[in-house]
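Comments concern the structure below.
Residues: numbered from 1 along the sequence shown. Note that these values count all heavy atoms, side chains included, but never hydrogens, waters or copies made by symmetry.
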Amino acid sequence: MTNFLDTNSADSSGGHGGHVSSYGNPLVLIVEDHEDTRFMLRTILELRGMRVVEAVDGEAGVRAAEKIRPDLILMDGTLPRLDGLDATRLIRESETLHGVPVVILSGHVAPKSQEAAFAAGCSDYLVKPLDFDQLDRILHKHLTPYQTSATANEKRAFERNRL
C-alpha cells in the first residue's frame, strides 16, 4: 500500500521537472506530514490552476515522485520515516527525477539549515510560515509557463482567511 494521496482525479503520469507536464497544468507533489499545511498548500496551488499529489512522509514522497514524475516538489524538511533532505538526495540520484525542482519548506531560518538543504540538492528554500508572495515567485521561477486560474479577488479572499 502506498502512502501518497492523489488529490486530483486527473491522470498523474507524465510531467518532467522544470516545465509544464504534457497535460497542460503543472503537477506539484507536496511532501508534508502536517495535514493542515498540506491542505493550505493544496488549496493555494489548486487556486492557481495546478494539479496536486500529496505524500505524508519522505519514503512515500520518493515513491510518488518516481511514479508521477511531477513538475515541482514541495518538500518539508522534517518528515517521518525519511527526512526531507534524505528524500531530496534520493530524488537527485534518480535518472528520471534529478532535474525536478525540489523546494524545501522549513521552519529553520539559520544559514546552516539552508546550506544543508542546498548541499542535499534542493533548488530553493522557503521558510515557514510561508510568505505567499515568495511562494508565487518560486512557482514562477520553476514552472514555466506558470499560469494562474485564480482571480486577484480569489487570491485576496483566500489570503484573508488563510491558516
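The structure places CD1 of Ile68 at 12.5 Å from CZ of Arg63, a figure rounded to the nearest 0.5 Å. Residue Phe118 holds its CZ atom at 11.0 Å from OG1 of Thr88, rounded to the nearest 0.5 Å.
Across Ala65 and Ile91, no two heavy atoms sit closer than the pair CB-CD1, 4.5 Å. Scanning both residues, Ala55 and Ala60, for their nearest heavy atoms gives CB-C, 3.8 Å. In plain terms, the two heavy atoms of Cys122 and Ile104 that are nearest each other are CB-CG1, 3.5 Å. Nearest approach of Gly49 to Pro26, heavy atoms of both residues: O-CD, 4.4 Å. Closest approach of Leu143 to Val28, counting heavy atoms only: CD1-CG2, 4.2 Å. Nearest heavy-atom pair across Leu45 and Leu139 is CD2-CD1, 3.8 Å.
Evaluation of the side chain to side chain contact (heavy atoms under 4.5 Å, CB included) rule for Ala116 yields Leu85 as partners, not counting sequence neighbours. For His34, the side chain to side chain contact (heavy atoms under 4.5 Å, CB included) test picks out Glu32, Thr37, with sequence neighbours left out. Judged as a side chain to side chain contact (heavy atoms under 4.5 Å, CB included), and not counting sequence neighbours, the contacts of Ala87 are Val62, Met75, Leu82. Asp33 is linked by a side chain to side chain contact (heavy atoms under 4.5 Å, CB included) to Asp76, Leu79, Pro80, counting only residues two or more places apart in sequence or in another chain. With sequence neighbours excluded, the residues that form a side-chain hydrogen bond (donor to acceptor under 3.5 Å, both in side chains) with Asp124 are Lys141, His142.
Side chains of Val103 and Tyr125 form no contact here, defined as non-hydrogen atoms less than 4.5 Å apart. Side-chain contact between Leu74 and Leu29 is absent, with no heavy atoms from C-beta onward closer than 4.5 Å. At least one side-chain heavy atom of Thr96 sits less than 4.5 Å from a side-chain heavy atom of Arg69. The shortest distance between side-chain heavy atoms of Met40 and Leu130 falls below 4.5 Å.
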inquiry  = With side-chain contact (heavy atoms from CB on, under 4.5 Å) as the criterion, how do Leu105 and Leu41 come out once you've worked through the C-alpha distance, each side chain's angles and the decisive distance to 0.1 Å?
reply    = CA-CA 11 Å; Leu105 310 176; Leu41 286 167; 3.7 Å; yes
inquiry  = Between Val100 and Leu72, does the side-chain contact (heavy atoms from CB on, under 4.5 Å) criterion hold? Intermediate values first, please.
reply    = CA-CA 6 Å; Val100 175; Leu72 176 71; 5.7 Å; no
From CA spacing to verdict: side-chain contact (heavy atoms from CB on, under 4.5 Å), Ile138, Leu126 = CA-CA 9 Å; Ile138 295 293; Leu126 285 173; 3.9 Å; yes
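Using a distance-only test at 3.5 Å, with no hydrogens or angles considered, a donor-acceptor pair links the side chain of Arg51 to the main chain of Asn25. Checked by atom type and distance alone, the side chain of Thr43 pairs as donor or acceptor with a backbone atom of Phe39 at under 3.5 Å. In this structure a side-chain-to-backbone donor-acceptor pair under 3.5 Å is present from Ser123 to Val102.
Every pair tested for salt bridge (Lys or Arg N to Asp or Glu O under 4.0 Å) that includes a residue from residues 91-110 fails, sequence neighbours excluded, so the list is empty.
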